[in-house]
Amino acid sequence: GPALGVLTSGGDAQGMNAAVRAVVRTALRLGARPYAVHEGWGGAVAGGPGIRPLGWDDVGGVLHVGGTVLGSARCQEFRTREGRRAAAANLVRHGIDRLVVIGGDGSLRGAEEFRQEWPELLAELVAAGELDEAVRLAHPRLAVAGLVGSIDNDLAGTDMTIGADTALHRILEAVDALRSTAASHRRTFVVEVMGRHCGYLALMAAVAGGADAVLVPEDPPGEGWRDALAEHLLAARGAGLRDLIVIVAEGATDRAGNPITSQDVGALVTERLGGEGARVTVLGHVQRGGRPSAYDRWMPTLLGYAATQHVLSVADASATVLGVRHNCITLLPLERAIAATNAVRDAVAAQDFAAARVARGGSFAS
Ligand code: F6P
């Protein structure tokens, strides 16, 4: 049967293992030969033990485990043409011309570039005497299916990315835990959450955790934000609330584009809330660790199954992202998902939030 590579790239996310397991077992059931590509694109560039055939039992006992058993990396060499040429040579020598890539938007962008370059890369290898012409002719194109693995939930075209739900659970466990000590001391806790340029985790944690205020990149406050926040918190104290929680996305800025850090907000509270010392908790990588939630087990399982079926059945080389929209599995051209993600980022940077909303959802309305 055809050979198929599976890799996890970029920052890890809970639920990646469920996707890998589903890819491997679906491939075996469909008579294909699945290969692990280890350490992100690094395994493809390095070859040797970086690319390894996988059997049914190799992906046993991983469904409930966070992170990725394949290893992951943000690979610098793959950003160079020489790196991608080496990767193409190593993959095609195993007969691999189909890939399921599980990663964030950066990894999927890399996959799309690689797919487009594949014919040229193979031609260069033949011209350099490093590859047999017969091998090139047998694998003229690369097919790529992308699954979005990132706690940030920052790719347009899918409602949820793999890991975002678990990260949110992790954040809520922390917020719930902080509440009791906050209440005992009548303290304000400022909690910094991840998400890079995206405020999804911060906003949803604020809603689900009942936070008193939240700062996200998509809704940067205007000039008077310090006074407004201090007054809001003072009013909450005045109303008798003992535990106050402010959630700050790591990418939060003010309307002029200046970063607003959790330390800034902590200092503001300490200064303005009548001698009350705020405590700042930066949750960090704990958000990316631990057991995946039920959603981050079944959703990547269904996506891994669908991606494998897709990548084994396409005759052309189209690169596709599989995601979830309106609770259904959706296939989108990778280029379109990336273009929409870029459009959201540009619109947020230009503070055109109506345009950002359209780019995030409107262009994919079904
Ligand atoms: O993209 C996932 C993410 O956890 C972001 O939320 C965060 O900004 C970044 O990765 C942290 O990267 P690193 O793991 O390299 O410190």
Side-chain angles (χ1 to χ4, degrees), residues 7-19 38-42 66-79 101-111 146-175 190-206 209 214-218 220 247-253 257 259-264 280-293 295-296 299-300 321 323 337-338 341-342 344-345 348-349 360:
L7 65 103
T8 51
S9 172
D12 69 348
Q14 308 95 330
M16 282 181 160
N17 286 329
H38 290 288
E39 318 302 341
W41 293 106
T68 163
V69 291
L70 297 182
S72 191
R74 298 192 169 107
C75 177
Q76 293 307 321
E77 288 109 308
F78 193 72
R79 298 197 176 166
V101 179
I102 307 158
D105 62 337
S107 310
L108 299 183
R109 269 172 240 258
L147 300 185
V148 199
S150 169
I151 63 165
D152 300 338
N153 203 18
D154 59 350
L155 201 95
T158 184
D159 292 340
M160 282 296 269
T161 58
I162 296 168
D165 182 66
T166 308
L168 198 46
H169 279 276
R170 214 56 84 238
I171 295 166
L172 287 174
E173 279 161 28
V175 169
V190 180
V191 184
E192 181 181 311
V193 306
M194 280 186 168
R196 211 179 284 270
H197 307 292
C198 184
Y200 174 85
L201 290 175
L203 182 62
M204 291 311 171
V214 61
L215 290 150
V216 292
E218 293 85 350
I247 297 188
V248 182
E250 65 174 346
T253 67
I260 299 177
T261 66
S262 50
Q263 300 300 334
D264 293 340
V280 177
T281 302
V282 179
L283 292 181
H285 287 77
V286 74
Q287 296 163 92
R288 249 171 50 194
R291 291 154 64 93
S293 65
Y295 181 76
D296 276 329
M299 183 268 274
V321 173
I338 289 171
T341 302
N342 288 340
V344 173
R345 192 167 298 167
V348 169
R360 166 90 208 192

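Start at 1 and go down the list; that is how both ligands and their atoms are numbered. Only a predicted model underlies this, so the values are computations on that prediction, with no experimental measurement involved. Every heavy atom of this structure was used, including side-chain atoms; hydrogens, water molecules and symmetry mates were not.
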Subject >> Option passing side-chain contact (heavy atoms from CB on, under 4.5 Å) with Ile247 (candidates Leu203, Leu283, Val175) >> reply: Val175
Original post:
Do any heavy atoms of Gly104 fall under 4.0 Å from ligand 1?
Top reply: no
Subject >> Ile338 backbone acceptor or donor facing Arg109 side chain under 3.5 Å >> reply: no
Original post:
Hey, are the side chains of His197 and Asp154 touching, using non-hydrogen atoms and a 4.5 Å cut-off?
Top reply: no
**OP:** Please check if any side-chain donor atom of Gln14 sits under 3.5 Å from a side-chain acceptor atom of Thr166, or the reverse.
**Re:** no
**OP:** Step by step, work out the salt bridge (charged side-chain N to carboxylate O under 4.0 Å, His left out) result for Arg345 and Asp105.
**Re:** CA-CA 12 Å; Arg345 192 167 298 167; Asp105 62 337; 2.8 Å; yes
**OP:** Name the closest protein heavy atom to atom 16 (O) of ligand 1, giving the residue it belongs to and the distance to 0.1 Å.
**Re:** His285 NE2, 3.1 Å
**OP:** Starting from atom 8 (O) of ligand 1, locate the nearest protein heavy atom and write down its residue, its atom name and how far away it is, to 0.1 Å.
**Re:** Glu250 OE2, 2.5 Å
Subject >> Closest approach of any protein heavy atom to atom 1 (O) of ligand 1, naming residue and atom >> reply: Asp152 OD2, 2.7 Å
Subject >> Test item: Ile102 and Leu70 side chains (from C-beta on) under 4.5 Å apart, heavy atoms >> reply: no
Subject >> Option whose closest heavy atom lies nearest to atom 12 (O) of ligand 1, chosen from His197, Arg74, Met194 >> reply: Arg74
**OP:** Identify, for atom 10 (O) of ligand 1, the protein heavy atom at the shortest distance, and state residue, atom and that distance.
**Re:** Arg288 NH1, 3.1 Å
Original post:
Side chain, backbone, both or neither: which part of Gln287 comes within less than 4.0 Å of ligand 1 when only heavy atoms are counted?
Top reply: neither
Original post:
Nearest protein heavy atom to atom 9 (C) of ligand 1, by residue and atom, and its distance?
Top reply: Arg196 NH2, 3.4 Å
